[in-house]
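Some notes on the structure that comes next.
In what follows, residues are counted from 1 in the order of the sequence shown.
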Amino acid sequence: MTSFNLSHLLLISVLYLSLLFGLAWITDRGLIPSRIVRSPVVYILSIGVYASAWAFYGTVDLAYQYGYGYLATYLGVSGAFLLAPVLLHPILRLTRTYQLSSLADLFAFRFRSTWSGSLTTLVMLIGMLPLLALQVQAIADTISILTHEPQPKHVALSYCLLIMLFTMLFGARQVASRERHEGLVLAVAFESLVKLIALSVIGLYALFVVFDGPSGLERWLLEHQVALAALHAPLNEGPWRTMLLVFFAAALVTPHMYHMAFTEGIGPRNMTTASWGLPLFLLLMSLAVPLILWSGLKLGVTTHPEYFTLGLGLTVHSETLALLAFIGGLSASSGLIIVSTLSLSGMVINHLVLPLYQPPTDDIYRWLRWTKRILIFVIIMAGYGFYLLLDSKQGLTSLGSVAYVATLHFLPAVLSTLYWPAANRRGYISGLLAGISIWLVTMLLPLIGGQDSFYLPLLNLTYVLDENTWHLAAVASLTVNVLVFGLVSLFSPSTPEEIRAAEACTVDNMRLPQRRELEASSPHEFVLQLSTPLGPQIAQQEVKQALNALQLPLDEHRPYALRRLRDHIEASLSSLMGPNVAQDIVKNFLPYKKTAESFISEDIHFIENRLEEYRSRLTGLAAELDTLRRYHRQTLQELPMGVCSLAKDREILMWNRAMEELTEIPAQNIVGSRLNTLSEPWRTLLETFIQQPDEHQHKKQLSLQGKLRWLNLHKAAIEEPLSFGCSGLVLLVEDCTETQVLEERLIHSERLASIGRLAAGVAHEIGNPVTGIACLAQNLHEEREHDPEINETSLQIIEQTRRISKILHSLMSFSHAGNHQHNSYPVSLTAITQDAMALLSLNKEQEVRFINQCHAEHYAEGDPQRLGQVLVNLLSNARDASPPRGRIWVSSSATEHSVCLILEDEGAGIPTEIQNRLFEPFFTTKDPGKGTGLGLALVYSIIEDHYGQIDIESPTDPLSQRGTRIRIQLPRATNTAP
């Protein structure tokens with residue numbers, strides 16, 4: 001039989017572990033692309049840490065003892081991952097949300113008890129010692145088999161020291177689980193790949209070399225029916241059902257599986273992929289087991305069946321095959337020791353060390369890092385010590401069975417965390433103590449003492465502990481655990497903290513956090529408060545990391561945001577020090593304000609966010625109700641009226657889009673704040689209105705940026721459905737500025753119309769005395785014709801009275817309402833232009849020059865009074881836009897069927913962006929009181945009634961960007977007779 005040199009095997013071990021070291025090192029340096037490190041394949045292979053030396057070597061012995069029952073070691077874990085949506089995803093959510101880095105953290109958070117976390121840690125430490133010793137024994141046994149020498153204890157110690165060094169370097173550099181150990185993850189994934197390849201190659205060798213292919217295997221099985229029957233017989237009896245349950249629990253509760261699946265996991269997508277990827281990985285590993293067993297039986301391998309994987313290569317004198325089996329076993333052992341020790345060290349710090357010892361505040365990170373390294377050393381040496389204690393008296397199967405049955409006792413607590421809110425810490429602690437006590441008596445103590453049986457006086461029987469009865473002890477201890485756990489939980493009350501934690505842990509929970517105000521009112525105060533337990537530097541770093549994670553500013557002051565910041569810091573400290581210590585720190589140094597209110601309402605804004613996150617997961621009636629909720633919320637968001645919902649403590653719960661536009665305050669900056677944090681003038685406006693007894697207030701004036709606005713305010717009391725009947729307020733703010741301006745313009749327009757009618761009456765009354773004056777002046781002129789002085793005076797009087805009559809005629813013509821029956825007359829463009837210019841020339845406030853260039857023969861078909869009104873409005877606007885001593889031209893052109901009236905000025909022009917709105921009613925660019933915005937709308941209406949068309953071109957001078965040209969096209973009069 002082939003023999004190996006010890007120094008060569010040690011060198012191979014060092015080189016292989018150095019390869020892992022280098023792979024982890026280059027990964028942490030970012031030399032391997034992130035898409036590879038974070039790929040689902042790497043995640044699946046990293047969870048393959050489950051396949052330890054017991055799975056690599058011991059499953060062949062399980063197949064030898066229990067036949068196809070060995071598959072339970074793979075099917076149990078596969079079943080847990082196939083149930084990922086109802087088991088793994090909820091645990092992953094809790095781990096991510098509350099930064100629970102271990103099973104002890106999970107139970108301490110769920111049961112709100114330091115004792116729960118401490119007891120979990122102690123039991124897990126004791127229960128994992130046989131599994132750690134198993135890995136050490138597997139390496140020692142394989143080296144002994146390969147070298148044909150007695151087991152070298154110093155070799156096992158050297159191996160432990162190498163593993164310890166690797167774990168310290170790449171597992172204890174970060175002190176918080178929020179930072180993934182990407183180098184470690186990739187190294188563990190590589191180890192899983194190595195052991196899969198090694199086992200597959202050995203299995204293929206057995207099939208195609210030992211049996212000469214499938215046909216040869218079939219012939220051998222036909223000749224050796226006993227070997228085939230040995231795989232089937234144990235299924236009818238034996239412990240395979242218990243094994244299935246044990247390894248189902250192992251997928252959830254063992255430290256190495258919890259750490260790789262949840263703590264180092266990336267997210268739900270990779271977990272979903274692993275739900276079928278890990279079963280596939282384990283299936284590939286399990287295929288080689290019966291082949292290796294049958295080949296060992298055929299070749300008569302002299303080793304124990306649990307080492308047939310290694311002995312096969314030695315029997316066929318293949319050094320390569322034997323070394324491959326050794327490296328595969330080395331990978332399987334080292335992966336479990338590294339990850340388990342890393343997880344256990346964190347549990348011990350959080351639940352055994354920190355509750356008893358307050359670390360120095362000068363550099364907590366450094367203290368935690370070195371404490372973790374010391375604990376890694378202690379735990380690995382404890383595993384080595386347990387290996388020495390057993391002195392190789394137990395096989396790998398016995399060691400693995402004892403360890404995994406110990407972890408089985410955590411399964412009831414895991415299931416109750418997700419699905420039984422009535423469970424409490426008294427029940428958990430009592431059940432765990434009862435169950436683990438039976439395990440200690442029936443499994444661990446006989447393992448240590450080497451006893452094969454012991455007497456049970458209460459039952460008057462002798463219990464024999466062997467491979468056929470260990471499952472009875474497992475079932476008995478688990479049954480006692482479940483019964484005590486359930487009964488104590490049912491008959492003992494849960495604390496309010498436990499009830500809230502149970503709500504948070506329940507699958508698809510809608511935990512309703514309390515909406516309370518903190519004593520600290522800013523992140524700066526958070527730093528000051530946390531400096532006492534953490535030190536100024538660590539406190540500042542933790543607050544800064546939390547702000548960055550939540551994307552909150554340094555000057556954040558909203559109570560809702562500060563509550564989120566507090567929760568995130570608690571979760572972050574939980575990953576650093578465990579949930580119990582984190583809760584105590586946050587509770588004592590970031591407390592809520594004490595309130596005299598008899599109620600504490602729930603955080604509606606938080607519920608809205610959680611419902612949006614759960615939207616894709618809601619089905620049936622829940623989905624329909626959520627759709628209705630979103631419909632009503634969207635209705636409020638799109639309502640063209642400002643909506644502000646307030647809690648009783650004046651915290652703003654809703655701020656819709658109309659409110660954002662009206663106040664120019666984004667909802668994300670104000671929701672969750674108190675009303676008194678609003679900027680002026682909104683704070684005074686809303687607070688004053690709330691204090692008033694009136695439920696409505698109309699046309700409240702408010703000055704915004706120098707502009708006056710009118711608002712209608714409404715309020716109504718609402719009952720907060722989650723606040724035990726306590727009422728809040730909903731405020732409606734309606735901007736009625738446009739309506740108010742419209743009313744004022746209508747009043748102004750009516751006033752102008754009244755003035756027009758009054759002017760017409762006044763002009764008519766003035767006309768009579770003016771006519772009399774003109775007659776007297778004419779008589780005087782005729783009577784004193786020979787007196788030059790009197791003659792000249794009378795002529796001036798006659799000329800001025802004619803001028804007055806002309807002005808009065810223009811006023812009466814303009815004020816005339818016109819004929820709305822659309823009776824058309826030939827209208828001289830020259831005449832109506834001259835009349836309009838004469839009328840506007842009466843205003844001497846702004847000197848402009850009107851130039852009438854209309855052709856005397858151009859007549860339009862229309863109403864002279866209404867067309868005159870068009871010219872007056874247009875010329876008035878041109879005059880207002882013109883500079884002093886500017887010029888305004890009016891000209892005309894004609895075709896066979898139409899005439900075109902052209903007005904052109906030298907004014908400032910009309911901006912392009914408002915040209916399309918010029919003819920809208922009440923649109924004006926003039927200052928209040930100087931225009932109603934109705935003039936051009938009236939012009940457009942009159943031109944449209946005359947079947948004409950009006951076009952505006954501005955600016956007319958591209959260089960100076962000044963001037964406006966208006967073209968009015970009207971039907972041409974066929975008959976020019978008036």
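- In this structure, V185 and M260 have side chains that are in contact, with non-hydrogen atoms separated by less than 4.5 Å.
- Residues E525 and E519 share a closest heavy-atom pair of OE1-O, 3.8 Å.
- The backbone N or O of S101 lies less than 3.5 Å from a partner atom in the side chain of T263, making a donor-acceptor pair.
- The shortest side-chain heavy-atom distance between S345 and I379 falls under the 4.5 Å cut-off.
- With a 4.5 Å cut-off on side-chain heavy atoms, T121 and L344 do not count as touching.
- Taking OG1 of T114 as the start and CG of N350 as the end, the distance is 11.5 Å to the nearest 0.5 Å.
- Remark: F107 pairs with Y428 by the ring-ring contact (aromatic ring centres under 6.0 Å, His included) rule, at least two apart or across chains.
- Pairing each heavy atom of F81 with each of M257, the nearest pair is CE1-CE, 3.8 Å.
- For I690, the side chain to side chain contact (heavy atoms under 4.5 Å, CB included) partners two or more places apart in sequence, or in a different chain, are L646, R650, L675, L729, L731.
- Side-chain contact between L554 and P523 is absent, with no heavy-atom pair separated by less than 4.5 Å.
- Side-chain contact between C505 and F109 is present, with at least one heavy-atom pair separated by less than 4.5 Å.
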Quiz prompt | Worked check of side chain to side chain contact (heavy atoms under 4.5 Å, CB included) between L342 and K372 | solution = CA-CA 8 Å; L342 181 63; K372 196 169 191 178; 3.8 Å; yes
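- With sequence neighbours excluded, no residue forms a ring-ring contact (aromatic ring centres under 6.0 Å, His included) with W115.
- Judged by distance alone, with hydrogens and angles left aside, the side-chain atoms of R566 form no donor-acceptor pair with the main-chain N or O of F526 at under 3.5 Å.
- Atom CD of E497 has more than 12 heavy atoms from other residues, nucleotides or ligands within 6.0 Å.
- No donor-acceptor pair under 3.5 Å is formed between the side chain of S430 and the backbone N or O of G427.
- With rounding to the nearest 0.5 Å, the separation of CD1 in I91 from CZ in F262 is 4.5 Å.
- Taking all atoms of both residues into account, the shortest heavy-atom contact from I569 to L530 is CG2-CD1, 4.0 Å.
- With sequence neighbours excluded, the residues that form a side chain to side chain contact (heavy atoms under 4.5 Å, CB included) with P33 are R35, I36.
- Under the 4.5 Å side-chain criterion, counting only non-hydrogen atoms from C-beta, L100 is in contact with S574.
- Although no hydrogens or angles enter the test, the distance criterion places no donor-acceptor pair under 3.5 Å between the side chain of S572 and the main chain of H568.
- Residue E660 qualifies as enclosed at atom CD: its count of foreign heavy atoms under 6.0 Å is above 12.
- A salt bridge does not link R500 with E503: none of the charged nitrogens is closer than 4.0 Å to a carboxylate oxygen.
- Smallest separation of non-hydrogen atoms from L252 and Y258: O-CD1, 3.5 Å.
- S492 is linked by a side chain to side chain donor-acceptor pair (under 3.5 Å) to N424, counting only residues two or more places apart in sequence or in another chain.
- For Q583, the side chain to side chain donor-acceptor pair (under 3.5 Å) criterion is met by R112, not counting sequence neighbours.
- With sequence neighbours excluded, the residues that form a side chain to side chain donor-acceptor pair (under 3.5 Å) with S340 are H256.
- Listed for the W655 side chain is a donor-acceptor partner under 3.5 Å among the backbone atoms of I665.
- Interatomic distance, CE of M659 versus OG of S645, reported as 11.0 Å (0.5 Å rounding).
- Residue pairs that meet the ring pair (Phe, Tyr, Trp, His ring centres under 6.0 Å) test with at least one member in residues 338-358, sequence neighbours left out, are Y357-W367.
- Under the 3.5 Å distance criterion, the side-chain polar atoms of Y43 are matched with a main-chain donor or acceptor of A261.
- Between the CD atom in E542 and the CD atom in Q537 there is a gap of 11.5 Å [rounded to 0.5 Å].
- Stacking of R110 on the aromatic ring of Y98 is not recorded, the 6.0 Å distance cut-off and the 45° axial limit not both being met.
- Contact of the L534 side chain with the F589 side chain is not registered, since no non-hydrogen atoms from C-beta on lie closer than 4.5 Å.
- Applying the side chain to side chain contact (heavy atoms under 4.5 Å, CB included) criterion to P268, with sequence neighbours excluded, gives H89, L92.
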Quiz item: Taking it one step at a time, do V37 and V42 satisfy side chain to side chain contact (heavy atoms under 4.5 Å, CB included)?
Solution: CA-CA 6 Å; V37 178; V42 171; 5.6 Å; no
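- Residues A274 and I44 share a closest heavy-atom pair of CA-CG1, 3.8 Å.
- Applying the salt bridge (Lys or Arg N to Asp or Glu O under 4.0 Å) test to E182 and every residue at least two apart in sequence or in another chain returns R38, R180.
- Residues F166 and L184 meet the side-chain proximity criterion, which asks for heavy atoms closer than 4.5 Å.
- Contact between P255 and M128 at its shortest, heavy atoms only, is CD-SD, 3.6 Å.
- Annotation: the span from L88 atom CG to L83 atom CG amounts to 8.0 Å, rounded to 0.5 Å.
- A distance of 7.5 Å separates CG of L562 from OG of S521, quoted to the nearest 0.5 Å.
- Looking at residues two or more places apart in sequence or on another chain, you find no side chain to side chain contact (heavy atoms under 4.5 Å, CB included) involving Q358.
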Exercise. Mind running side chain to side chain contact (heavy atoms under 4.5 Å, CB included) on I32 and L23 for me, showing each step along the way?
Key: CA-CA 9 Å; I32 296 181; L23 186 63; 4.0 Å; yes
Exercise. Could you walk me through whether H409 and V123 pass side chain to side chain contact (heavy atoms under 4.5 Å, CB included), step by step?
Key: CA-CA 9 Å; H409 289 87; V123 173; 5.9 Å; no
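- With sequence neighbours excluded, no residue forms a side chain to side chain donor-acceptor pair (under 3.5 Å) with T273.
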